[in-house]
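Everything below concerns the one structure shown next.
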Amino acid sequence: MSGNRHSVAQNLRICAESVNGMPVAKSPAMGNLISLESLKAPVSAEEMKMKLDSGGCSTSGSCGSSEGKDQLSDEVWEKVKNHPCYSEEAHHYFARMHVAVAPACNIQCHYCNRKYDCSNESRPGVVSEKLTPEQAVKKVMAVASEVPQMSVLGIAGPGDSCYDWRKTKATFDLVAAQIPDIKLCLSTNGLALPEHVDEIKDMNIDHVTMTINMVDPQVGTLIYPWIFYKNKRWTGLDASKILHERQMLGLEMLAERKILVKVNSVMIPGVNDEHLVEVNKVVKQKGAFLHNIMPLISDAAHGTHYGLTGQRGPRAMELKALQDKLSEGTKLMRHCRQCRADAVGLLGEDRGQEFTMNHVPDDISYNPEKRDAYQEVVARERGEHVATKQAVEQQISGFGAIESVLVAVATKGGGRINQHFGHAKEFQVYEATPKGIQFIGHRKVEQYCEGGFGEDATLDGVIAALEGVDVVLCSKIGDCPKDSLKAAGIRATDAFAHDWIEAGIAAWLAAEFGHVSPAGSEIVAQASA
Ligand code: CLF
Ligand code: SF4
């Protein structure tokens, strides 16, 4: 593939950014767009309010409505609408932070090395700064004062939050007393969960993630070498049976109490990949709200059993094939970023290093101004985004000739096509079919353009990561990467820069397939203008 593109002598490229020949489409919203990106930068609350007052959404009638609201009860919607992991739509706008207060764990997973964080809810190979509950609450106040998108505090290790319960509970109690509107969220392997379900309910924790990799203990023996339960170490089938029973009990208890449960499953090719179809069915029966299939990350350098024995993780298209198979079962989460146990920011962005304890003043207090102003702006933007998506949905239903098109989008968040191709560290992937445009996942890449230059080798990696993708939409792309993508059979355009993602995709489809839409179609009109 690379032979088609550049000679070795040419492999350091200037990232010249040219607008391609296609017409630039503007969404109806562009005229008075409030940039959420601008609000994410470190600005004062006054500046935010000025921005808010100087613009607004053009579809105020639909403000407050949102995709998903219609399919969920009001009670559930209230719980998920600002949670970036439980609502795909919310993940464009809201951020989570994790505090690494719970280092102890009561099981061993073959994909985990205790030197690193719990890889059930964070990627292996990185280690978090471990905090006491008192340090953690200071850090939460610092982040909540500075990061306006912050809506959820999660405890995801670095060990197991329920096994290390004393620290988990102390942290949540301290935070709830200081910042009551932050949602509390925890992640667990489930073994110690049943002992704490009543306290979880009393503490107003609405979201619990449990990692369930099997519902057949025989499969479990390939994943868990041992567990520690009732002061005893259990191995083999006994260990997996106990873990399975405790997980099912915990799931039922949470569902009975209307606590939303997200099940995470690590997809391990040849071990539990096919079995996850059964897992999906069983957790649905028992009341799970979401199922998140996470690809195994396996590398000998991480020193895990799987890493050292050469167990591979799934390829992006294998993950997609499994997710597609599960589309009738428990609702799937497809936007997980396998974040760190001390992650801070929007999913996919990592601001953790800005908030290590040496950056947090001792006498910190919480200032809600930025979060309040941001939430007001988001309410407006969201209404407009939802209205656009609904319009696009109607448009797409007329595109009968299109079976399935995979579109990779470079975005910095806010639901818009707003990132340069060369600056992307991940692409969000959407699938367009006559049924609509659906977010189906993301592809992590190494940033191609650093300091104005791009390496061919890096571009090769980006192209490989975009396997199966038909077109890339971004806010800018140079001719060199565009030509290289084209040689690999992937189109790329910056013609829909700053449009809503779904509107840009629909406009590209209309332009590409020469579709004649019903009269009055704004999207098709934009594309052919
Ligand atoms: Fe954290 Fe997990 Fe809560 Fe989210 S993460 S404890 S539910 S607030 Fe989210 Fe990160 Fe994926 Fe987890 S993207 S790894 S699913
Ligand atoms: Fe590691 Fe998490 Fe498994 Fe414990 S539950 S062994 S910390 S991956």
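Atoms within each ligand, like the ligands themselves, are counted from 1 in listed order.
Taking backbone and side-chain atoms together, Cys185 has an N/O/S atom less than 2.8 Å away from atom 3 (Fe) of ligand 1.
The aromatic rings of Tyr163 and Phe228 stand perpendicular to each other, their planes meeting at an angle above 60°, with 30° marking the opposite boundary. Ring geometry, Tyr430 versus Phe439: the interplanar angle exceeds 60°, so the pair is classed perpendicular (tilted spans 30 to 60°).
For CZ of Arg166, the number of neighbouring non-hydrogen atoms (other residues, nucleotides, ligands) closer than 6.0 Å is 12 at most. Within a 6.0 Å sphere centred on NZ of Lys201, other residues, nucleotides and ligands contribute more than 12 heavy atoms. The number of heavy-atom neighbours closer than 6.0 Å to CD of Glu446, taken from other residues, nucleotides and ligands shown, is 12 or below.
Residues His207 and Tyr86 place their aromatic rings such that the two centres sit under 6.0 Å apart.
Atoms of ligand 1 found under 4.0 Å from any heavy atom of Cys336, numbered from 1 in the order shown, are 11 (Fe), 13 (S), 14 (S), 15 (S). Ligand 2 places these atoms under 4.0 Å from at least one heavy atom of Cys112: 1 (Fe), 6 (S), 7 (S), 8 (S). Close approach of ligand 2 to Asn189 is summarised as follows: ligand atoms under 4.0 Å from at least one heavy atom of the residue are 5 (S). The atoms of ligand 1 that sit less than 4.0 Å from any heavy atom of Val152 are 8 (S). Taking every non-hydrogen atom of Thr209 and a distance limit under 4.0 Å, the qualifying atoms of ligand 1 come out as 7 (S). Set against the non-hydrogen atoms of Cys339, the atoms of ligand 1 under 4.0 Å away are 5 (S), 10 (Fe), 13 (S), 14 (S). Listed by atom number, the atoms of ligand 1 under 4.0 Å from Arg337 heavy atoms are 11 (Fe), 13 (S). In the vicinity of Pro158, heavy-atom distances shorter than 4.0 Å reach the ligand 2 atoms 7 (S).
When non-hydrogen atoms are compared, ligand 1 lies under 4.0 Å from the side chain of Lys262 (C-beta onward) but not from its backbone.
Judged by the 6.0 Å and 45° rule, Lys79 forms no cation-pi pair with Trp77.
Contact annotation: His335 has no heavy atom less than 4.0 Å from any atom of ligand 1. Residue His98 places a heavy atom under 4.0 Å from ligand 1.
Judged by distance alone, the side chains of Glu89 and His385 never bring a donor and an acceptor atom under 3.5 Å apart.
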**Request:** Could you walk me through whether Val277 and Lys325 pass side-chain contact (heavy atoms from CB on, under 4.5 Å), step by step?
**Result:** CA-CA 8 Å; Val277 177; Lys325 233 191 227 180; 4.0 Å; yes
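For atom 4 (Fe) of ligand 2, the nearest non-hydrogen atom from the set Cys105, Pro225, Ala102, Ser161 belongs to Cys105.
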